[in-house]
Amino acid sequence: MAETHETVFKSVQELANDNQVPEKYIHTQGSINSSSPLLDVPVVDLSLLTSPARQQELNKLQSGLKFCGCIQVINHGLADSFLDKVHEISKQFFDLPAEEKLKYARTVDDIYGYGNDSVLSDKQKLDWTDRLYLNVFPEDIRNLKLWPQKPECFREVLEEYIKNMKLLSESLLKAMAASLNLEENCFLDQCGERGDMIARFNFYPPCPTPEVVLGVKPHADASAITILLQDKEVEGLQVLKDDQWFRVPIVPYGLLVNVGDQVEIMSNGIFKSPVHRVVTNADRERNTLAVFIMPDVTVGIGPVEKLINEERPRAYKDVKNYVELFFQSYQHGKRPIETAMICQEQD
């Protein structure tokens with residue numbers, strides 16, 4: 001039992017400070033290339049969705065979500081100065097002394113709180129990252145004991161950010177439906193009245209051996225969509241396309257939006273949930289904040305009827321509580337969406 005406790009609470013930050021890379025973090029199959037080519041991610045100006053240029057932006061959004069499963073959004077309604085505050089509370093939290101952060105530590109059998117990977121098997125490779133994982137919406141599922149009280153403005157800033165993410169996610173899901181000529185609420189309705197939002201603050205310390213260690217191993221998200229506030233300067237996110245890894249660029253004060261498995265299912269495979277990973281580097285720390293927009297687990301999801309036809313037969317079964325499949329599949333390196341796929345006789 002003591003060993004499990006140590007895996008939860010020996011932070012990656014401490015390992016980095018001690019210049020240690022335990023074997024369970026090391027990927028032995030080939031060198032990890034951090035200098036992959038840059039991915040051409042479409043930049044969508046959300047302020048134009050209420051202008052005569054709306055259709056042009058919707059086309060850009062649709063092509064990005066088909067082509068690589070992600071878009072960068074600008075003019076999203078959050079001020080640069082406010083995003084600076086969000087970056088700041090994350091950095092300040094991870095800079096706190098270990099004993100202060102441990103007040104918010106997750107328990108061995110839970111993912112929420114401060115910590116790192118849950119260890120499910122001896123063969124599992126661990127991610128070079130410390131995280132603060134919080135349920136943030138609906139308000140009645142928040143466990144405020146896990147919401148840091150230091151820095152002092154943490155809760156206030158996060159609260160404001162989540163309000164904005166709620167509005168932004170609704171606008172995005174409507175725009176995604178409109179881009180496919182669907183009724184604009186059709187994805188939103190499948191998410192249900194009580195869809196969850198989960199915030200994950202990610203801290204990636206410098207790693208002494210970045211060529212064999214990943215910040216996050218390859219996976220696709222279990223969400224409907226994910227909204228990522230990237231580090232302001234340090235790249236690290238990579239997307240797999242056509243069996244090749246591509247670097248995702250940083251757009252200053254932009255937000256990266258990627259399709260999750262559940263919108264891939266809802267769109268009958270038109271929008272792609274991209275497999276992605278995070279690489280490490282030897283010199284600079286990296287801070288990001290991901291917000292996962294999750295459909296209500298009590299409501300089933302499935303492909304929108306209008307997107308099923310002879311040319312594009314139904315590719316996925318209806319699914320309920322998809323996220324339950326996700327965590328175990330992820331830690332074992334499998335794609336949970338495969339369990340929802342319907343095998344076709346021909347491609």
Give a yes or no on whether a salt bridge exists between Asp261 and Arg335, defined as a side-chain N under 4.0 angstrom from a carboxylate O. yes
Members other than Ile32 in its cluster, when Ile, Leu, Val, Met, Phe, Trp, Tyr link by side-chain heavy atoms under 4.5 Å? Leu214, Val279
Where does the angle between the aromatic ring planes of Phe94 and Tyr114 fall among parallel (under 30°), tilted (30 to 60°) and perpendicular (over 60°)? tilted
Please say whether the positively charged group of Arg200, taken as NZ for Lys or CZ for Arg, lies over the ring of Tyr133, i.e. under 6.0 angstrom from the six-membered ring centre and within 45 degrees of the axis. yes
Lys85 NZ: over 12 foreign heavy atoms closer than 6.0 Å: no
Side-chain H-bond candidate by donor/acceptor type, Thr288 with Asn202, under 3.5 Å: yes
Is a side-chain donor-acceptor pair under 3.5 Å present for Asn135 with Asp196? no
Check this for me, if you would: do Glu285 and Lys91 make a salt bridge, where the nitrogen-to-carboxylate-oxygen distance has to be below 4.0 angstrom? yes
Salt bridge Lys10-Asp18, side-chain N to carboxylate O under 4.0 Å: yes
Return yes if a side-chain donor-acceptor contact under 3.5 Å exists between Asn59 and Gln55, otherwise no. yes
Is a side-chain donor or acceptor of Asn75 paired with a backbone partner of Ser47 at a separation under 3.5 angstrom? no
Donor-acceptor pair between Lys150 and Gln92 side chains, under 3.5 angstrom: no
Has Glu159 got more than 12 heavy atoms of other residues, nucleotides or ligands less than 6.0 Å from its CD? yes
Show your working on ring-ring contact (aromatic ring centres under 6.0 Å, His included) between Phe154 and Phe201 and close with a plain yes or no. CA-CA 12 Å; Phe154 187 98; Phe201 292 85; 5.2 Å; yes
With salt bridge (Lys or Arg N to Asp or Glu O under 4.0 Å) as the rule and sequence neighbours excluded, what pairs involving residues 177-192 come up? none
For residues Asn281 and Tyr204, is any side-chain donor paired with an opposing acceptor at under 3.5 Å? no
Any donor-acceptor pair under 3.5 Å linking the side-chain atoms of Thr129 with those of Asp127? no
Could you note down all residue pairs passing salt bridge (Lys or Arg N to Asp or Glu O under 4.0 Å) where residues 301-313 supplies at least one of them, sequence neighbours left out? Glu305-Arg314
A quick test of your reading: do over 12 heavy atoms of other residues, nucleotides or ligands sit less than 6.0 Å from NZ of Lys241? yes
Give a yes or no on whether Glu100 atom CD has more than 12 heavy-atom contacts from other residues, nucleotides or ligands under 6.0 Å away. yes
